[in-house]
Amino acid sequence: MKKIYFFLLSIFIFQTNFAQEYFRLKADFTVKIKKADGSMNLTKGKIYYDKNYKDLIYDIKFPEHEKWIMRDTLLIKIKQGQKPQINKIPSINEFSIFHLALNVSLTNFGLDNTVYQMVKVEKKDGKIISYWKLPNNKLESMDQIIIAKKDNKLLNVIIIDNKNRIINKQFFKDYVQIGAFQFPSKVIQISYDKDNKPNYQVFEFKNIEVNDMSNDNLYHYQ
């Protein structure tokens, strides 16, 4: 009986570890931006996200210290000694790379749980490429989304408008593995303006940590 008990216990522990839920993420981040007009800027700091609170918090250290809190349809900017600046924004936190990764939805860019429908799948150069479209789409932008993945990792996303023009490309590189959790430590985004000129954003993440339980106040702005 003891052998059976310990055998069942070991299975339970294995299954519990295997099915561990990841709900919280923090990392050091760097964002490099190069706009079509040639201007450039650099931002550094820390990112905090808890998928239960859904506050996306950027604690910016450079070029100057400030905090950005993205909550629902609000962007709250806080600088010491100044009145908080509040702006209306689209509700995007649940579509962020942080939320998708914590919910194991990044592989298909979170499209499984949207109105987009997969219309085609093909294999090319070892990659699985899927094509997603909006049924009866009346939007000018995001008419079609093309996703490439390999070894169950999202590699790149291309967004095309209803005039068959590429408006955005994203590349996901250098994945970090933490237990069963996977996260790209580098994301390159290229967006195109109305003159088809590219704007570049390069996100780099270091010291990625999941399920930090010691600093609850950092993940939810009061």
Side-chain angles (χ1 to χ4, degrees), residues 22-103 106 109-110 153-157 168-178 181-193 197-222:
Y22 296 98
F23 64 95
R24 183 175 283 182
L25 181 149
K26 73 174 180 179
D28 296 327
F29 77 88
T30 301
V31 182
K32 301 173 185 177
I33 297 176
K34 182 179 180 181
K35 297 183 179 179
D37 61 10
S39 61
M40 303 174 67
N41 61 55
L42 174 68
T43 305
K44 293 183 177 182
K46 282 185 175 292
I47 179 78
Y48 299 92
Y49 187 73
D50 186 306
K51 71 178 186 180
N52 298 311
Y53 293 139
K54 297 180 183 177
D55 279 0
L56 181 51
I57 300 175
Y58 290 90
D59 190 2
I60 299 169
K61 306 297 184 182
F62 181 87
E64 58 182 323
H65 189 266
E66 60 181 314
K67 187 171 288 188
W68 291 13
I69 300 98
M70 300 173 69
R71 173 184 295 169
D72 296 326
T73 59
L74 297 178
L75 169 59
I76 308 166
K77 295 184 178 182
I78 300 172
K79 289 184 181 181
Q80 189 172 5
Q82 297 184 20
K83 183 179 179 180
Q85 180 183 344
I86 302 175
N87 297 300
K88 293 283 288 185
I89 60 171
S91 181
I92 60 173
N93 287 359
E94 292 187 50
F95 301 97
S96 71
I97 184 177
F98 314 107
H99 191 87
L100 295 179
L102 289 170
N103 281 284
L106 186 58
F109 201 54
K153 294 177 182 177
L154 179 65
L155 298 183
N156 61 281
V157 174
N168 189 281
K169 294 179 182 178
Q170 297 181 47
F171 302 87
F172 303 83
K173 299 176 175 288
D174 304 331
Y175 276 79
V176 173
Q177 184 93 25
I178 304 173
F181 180 78
Q182 295 181 338
F183 192 81
S185 62
K186 188 173 186 178
V187 179
I188 301 170
Q189 180 172 288
I190 307 171
S191 58
Y192 297 88
D193 61 21
K197 294 181 179 180
N199 297 277
Y200 295 88
Q201 293 188 53
V202 179
F203 299 80
E204 294 180 329
F205 302 98
K206 295 181 179 179
N207 302 319
I208 300 166
E209 184 177 338
V210 291
N211 290 3
D212 167 34
M213 298 296 293
S214 60
N215 299 290
D216 190 69
N217 61 303
L218 296 176
Y219 298 86
H220 185 56
Y221 178 73
Q222 299 292 336

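- To the nearest 0.5 angstrom, Lys34 atom NZ is 6.0 Å from Met40 atom CE.
- Each of Tyr58, Trp68, Phe98 was scored for a ring pair (Phe, Tyr, Trp, His ring centres under 6.0 Å) with Phe29, with one residue passing: Tyr58.
- Side-chain contact between Ile69 and Tyr48 is absent, with no heavy-atom pair separated by less than 4.5 Å.
- Applying the salt bridge (Lys or Arg N to Asp or Glu O under 4.0 Å) rule to Lys169 yields no partners; only residues at least two apart in sequence or on another chain are considered.
- Under the 3.5 Å distance criterion, with hydrogens and angles disregarded, a donor-acceptor pair is assigned to the side chains of Asn103 and His99.
- Between the NZ atom of Lys51 and the OG atom of Ser96 there is a distance of 12.0 Å, given to the nearest 0.5 Å.
- Under the ring pair (Phe, Tyr, Trp, His ring centres under 6.0 Å) criterion, Phe171 pairs with no residue, sequence neighbours left out.
- Taking 4.5 Å as the limit, some side-chain heavy atom of Leu74 sits within range of a side-chain heavy atom of Lys88.
- Evaluated for a side chain to side chain donor-acceptor pair (under 3.5 Å) with Lys46, the options Asp59, Asn207, Asp28 yield exactly one hit, Asp28.
- In terms of heavy-atom proximity, Phe183 sits nearest to Ala101 at CD1-CB, 3.7 Å.
- For the residue pair Tyr49/Asn93, the side-chain donor-acceptor check at 3.5 Å is not satisfied.
- Atom-to-atom distance recorded for Tyr200:OH and Ile33:CD1 is 14.0 Å, nearest 0.5 angstrom.
- You'll find the side chain of Met70 reaches within 4.5 Å of the side chain of Ile89, heavy atoms only.
- For the residue pair Phe205 and Pro184, the shortest heavy atom distance occurs at CD1-O, 3.7 Å.
- No side-chain donor-acceptor contact under 3.5 Å links Asp72 to the backbone of Ser91.
- Between Glu66 and Gln82 the shortest side-chain heavy-atom distance does not fall below 4.5 Å.
- Taking CD of Gln201 as the reference point, atom CD1 of Ile190 lies at 11.0 Å (rounded to 0.5 Å).
- Considering CD1 of Ile60 and NZ of Lys67, their distance stands at 10.5 Å, rounded to 0.5 Å.
- Summarising the geometry of Lys35 relative to Asn199, their closest heavy-atom pair is CA-OD1, 3.3 Å, with the distance given to 0.1 Å.
- For Phe181 and Tyr22, the distance between ring centers is under 6.0 angstrom.
- Separation of atoms CG (Asp212) and CG (Leu218) is listed at 7.5 Å; rounding is to 0.5 Å.
- Counting heavy atoms from C-beta on, the side chains of Tyr219 and Ile57 never come closer than 4.5 Å.
- For the side chain to side chain donor-acceptor pair (under 3.5 Å) with His220, the lone residue among Asp55, Asp50, Asn52 that qualifies is Asp55.
- Panel note: side chain Ser185, backbone Asp174; a donor-acceptor pair is recorded below 3.5 Å.
- Between Phe172 and Ile97, some side-chain heavy-atom pair lies under the 4.5 Å cut-off.
- Considering all non-hydrogen atoms of both residues, Leu42 and Pro63 come closest at O-CD, 3.6 Å.
- A heavy-atom distance below 4.5 Å is found between the side chains of Glu204 and Lys32.
- Using a 4.5 Å heavy-atom threshold, the side chains of Asp216 and Arg24 count as touching.
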